[in-house]
Amino acid sequence: MKVLETIAEFRRIRTTLPEPLGFVPTMGYLHEGHLSLVRRARAENASVAVSIFVNPTQFSPSEDLDSYPRDMEGDLSLLKKENVDVVFAPPADEMYPPVFSSCVEVDKLTRRLEGASRPGHFTGVTTVVTKLFNIVQPTRVYFGQKDAQQAIVIKKMVADLDMNLEVVVLPTVREEDGLALSSRNSYLNHDERQAAPVLYRALMLAQGFWSQGERDAGKLRNQMAKLIGKEPLATIDYISISDNDTLEELKEIKPPALVSLAVKIGKTRLIDNVVLE
Ligand code: PAF
């Protein structure tokens, strides 16, 4: 497995990698969720590239860029076991030299949900993902459903800008108690970890009401809020039931609908979602 830090080096190696190439972009601190993407990429492609880059432009000044968990050695050893061909792990100034002055922005979809709570976040994501796609030149790219809006925004960008690649979105990987795997789970102390599955329980509550025939999105949001309100360590940022394509909030649920939420457990902001089919 080659580990490369510069764009020039990656481009040199790229010409030697057999097609098709599967690409998994990550910010490192890898867990089973990331590895499920890597395994699928390995199964579907002749070569596999993974990037590890904690992208500063998708964090606002008040967010956790400096404390974001990092473990390059551990990540490389996991990726080696998955038979990854090449890891691209550039330093920040390789991706953003001082003269950098461009961005890629997807309108509308990015104003809702995570975009409303984290202004500028998606511009950072779509800009870095475009750069990574241009550098890596993948055939297929792999993202997790856990970041549902990110996957929807990237699919829109790929379609709008005629990027010649296939976006594959794979299911959220969960702990036994339902907590969605996330690098940020490492911030949780013991009591917060006990409290964190309340997100999943709220999603399951909504899914249960939906299965029993409830179609009033407001009622589902209220029931979810009531359940989360009982958890003293939880503070709701948003609870949303939206159209799974446009992300517009729904009054009456029509499938496929995205039930998504962002909740702070202590100081740690967690997100999760399910799709009502
Ligand atoms: O999902 C992530 O880890 C990041 O948003 C991504 C896609 C690697 C871009 O920095």
Side-chain angles (χ1 to χ4, degrees), residues 5 7 10 22-38 40-41 48-60 63-72 74-76 78-79 84 86-96 100 102-106 109-110 113-115 117-136 138 140-158 161 163 165-173 180-187 260 262 268-273:
E5 292 191 354
I7 297 165
F10 189 93
F23 174 46
V24 184
T26 81
M27 298 208 300
Y29 212 70
L30 303 178
H31 50 65
E32 279 297 314
H34 297 109
L35 297 181
S36 73
L37 306 180
V38 172
R40 179 68 82 88
V48 175
V50 175
S51 63
I52 298 177
F53 180 61
V54 182
N55 173 36
T57 64
Q58 67 190 75
F59 291 78
S60 79
E63 289 181 342
D64 56 343
L65 173 63
D66 292 338
S67 57
Y68 195 83
R70 292 163 169 88
D71 178 12
M72 187 58 82
D75 288 349
L76 294 179
L78 289 172
L79 294 175
V84 166
V86 49
V87 176
F88 181 52
D93 58 0
E94 178 71 6
M95 294 297 275
Y96 299 112
F100 190 85
S102 302
C103 69
V104 179
E105 196 163 293
V106 174
L109 284 174
T110 56
L113 307 174
E114 287 300 286
S117 291
R118 305 179 67 190
H121 168 69
F122 283 116
T123 305
V125 170
T126 45
T127 301
V128 81
V129 166
T130 299
K131 281 174 69 70
L132 290 167
F133 289 176
N134 284 338
I135 295 161
V136 174
R140 297 189 187 92
V141 294
Y142 295 81
F143 290 90
Q145 173 65 20
K146 150 91 175 17
D147 295 297
Q149 187 178 12
Q150 171 171 279
I152 291 168
V153 166
I154 286 168
K155 276 187 177 169
K156 182 80 176 111
M157 174 184 83
V158 164
L161 302 183
M163 293 179 174
L165 48 86
E166 182 191 340
V167 180
V168 182
V169 181
L170 295 181
T172 302
V173 179
L181 296 195
S182 162
S183 305
R184 288 190 169 100
N185 292 352
S186 64
Y187 296 149
S260 62
T268 304
R269 188 173 178 281
L270 301 177
I271 60 171
D272 201 350
N273 67 85

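Only this structure's heavy atoms are used, side chains among them; waters, hydrogens and symmetry mates stay out. Quick caveat, the model's predicted, so the values are computed rather than measured. Each ligand, and each atom within it, is numbered from 1 in the order the structure gives. Positions are given from 1 along the sequence.
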>> Looking at Asn273 and Lys146, would you say the former's side chain and the latter's main chain have a donor-acceptor pair under 3.5 Å?
In response: yes
>> Between Tyr187 and Tyr68, is the side chain to side chain contact (heavy atoms under 4.5 Å, CB included) condition met? List the steps.
In response: CA-CA 9 Å; Tyr187 296 149; Tyr68 195 83; 3.9 Å; yes
>> Does the plane of the ring in Phe53 sit parallel, tilted or perpendicular to the ring in Tyr96? Use 30° and 60° as the thresholds.
In response: tilted
Measure and list all N/O to N/O distances between ligand 1 and the protein that fall under 3.5 angstrom.
{"from": "ligand 1", "atom 1": "1 (O)", "to": "Gln150", "atom 2": "NE2", "distance (Å)": "2.8"}
{"from": "ligand 1", "atom 1": "5 (O)", "to": "Gln58", "atom 2": "NE2", "distance (Å)": "2.9"}
{"from": "ligand 1", "atom 1": "5 (O)", "to": "Gln150", "atom 2": "OE1", "distance (Å)": "2.7"}
{"from": "ligand 1", "atom 1": "10 (O)", "to": "Gln58", "atom 2": "OE1", "distance (Å)": "2.6"}

> side-chain hydrogen bond (donor to acceptor under 3.5 Å, both in side chains) between Thr172 and Gln145: does it pass, once the steps are laid out?
Replying inline: CA-CA 5 Å; Thr172 302; Gln145 173 65 20; over 6 Å; no
>> Are more than 12 heavy atoms, taken from residues, nucleotides or ligands other than Tyr29, located less than 6.0 Å from that residue's OH atom?
In response: no
> Are any of the side-chain nitrogens in Asp64 or Arg184 under 4.0 Å away from the carboxylate oxygens of its partner?
Replying inline: yes
